[in-house]
Undergrad: 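Handing you this structure, nothing more for now.
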Amino acid sequence: GAGVSQSPSNKVTEKGKDVELRCDPISGHTALYWYRQSLGQGLEFLIYFQGNSAPDKSGLPSDRFSAERTGGSVSTLTIQRTQQEDSAVYLCASSLGLAGVEQYFGPGTRLTVT
Amino acid sequence: AQKITQTQPGMFVQEKEAVTLDCTYDTSDPSYGLFWYKQPSSGEMIFLIYQGSYDQQNATEGRYSLNFQKARKSANLVISASQLGDSAMYFCAMREMYSSASKIIFGSGTRLSIRP
């Protein structure tokens, strides 16, 4: 079946603009994660959704970052007033809830803030 | 607080040799899970292997095995008979099951290069 998809694959934006990144998880996966990976670095946890529970937002770096998940499926990560330090690859992953050991990752969105 | 440390930023290994990628962790949670992921130059993250803290045996998946030493808080990845296609970044990760069940933290990674 289809894997996790993300769009756009690449996004170049000017400093100060808002951007929206989209993630379509694998059908039936109740858990959805967003991570950020800066060049040559590991993954930084941003936010986690599990079913209808309140999301774990503990990894969001500032109040310019927000995310929502509509209908328990598609998720959108929004970055307001982008800064150059926001430039990174944003990865989305989904799994079968906490019982699902394996996270399936999407291809990522490469964000460049100029 | 949970923490993952990978002390080898880069490694070079001859094809067909075995290689061990180091990972140490820190947690006060009695229940946790340890993961290894591979990230080729294409950027995709590929799940390799998982070890639960209460698992009695070390996890194995084909050529991958996890050398889990709980007392030392280490979870090294062993790749046997390395292949050119194993060249990639490798990330160790951990999830605490009680204190922060949702969050998975990653190490900084090890870049493995296989020489023909």
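Predicted, not measured: the structure shown is a model, and the values here were computed from it. Atom set for the values below is all heavy atoms of this structure, side chains included, hydrogens, waters and symmetry mates excluded. Here is the naming used below: chain letters follow the sequence lines, and residue numbers restart at 1 for every chain.
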Undergrad: Check this for me: does any side-chain nitrogen of one of Arg81(A) and Asp18(A) sit under 4.0 Å from a carboxylate oxygen of the other?
TA: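 No, Arg81(A) and Asp18(A) are not salt-bridged.
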Undergrad: Please flag which part of Ile47(A) lies under 4.5 Å from any non-hydrogen atom of chain B: side chain, backbone, both or neither.
TA: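 Contact with chain B involves no heavy atom of Ile47(A) at all.
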Undergrad: What is the distance from atom CD of Glu44(B) to atom OH of Tyr104(A), rounded to the nearest 0.5 Å?
TA: 14.0 Å
Undergrad: Quick one: what part of Gln6(B) sits under 4.5 Å from any heavy atom of chain A, side chain, backbone, both or neither?
TA: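 For Gln6(B), there is no contact with chain A at all, as no heavy atom is under 4.5 Å.
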Undergrad: Heavy-atom cut-off 4.5 Å, strictly under: side chain, backbone, both or neither for Gln37(A) against chain B?
TA: side chain
Undergrad: Test Tyr35(A) against every option in Phe105(A), Tyr48(A), Tyr90(A) by the side chain to side chain contact (heavy atoms under 4.5 Å, CB included) rule and name the one that passes.
TA: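 Single pass found, and it is Phe105(A).
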Undergrad: If I take atom OH from residue Tyr32(B) and atom CD from residue Glu96(B), how far apart are they, to the nearest 0.5 angstrom?
TA: 10.0 Å
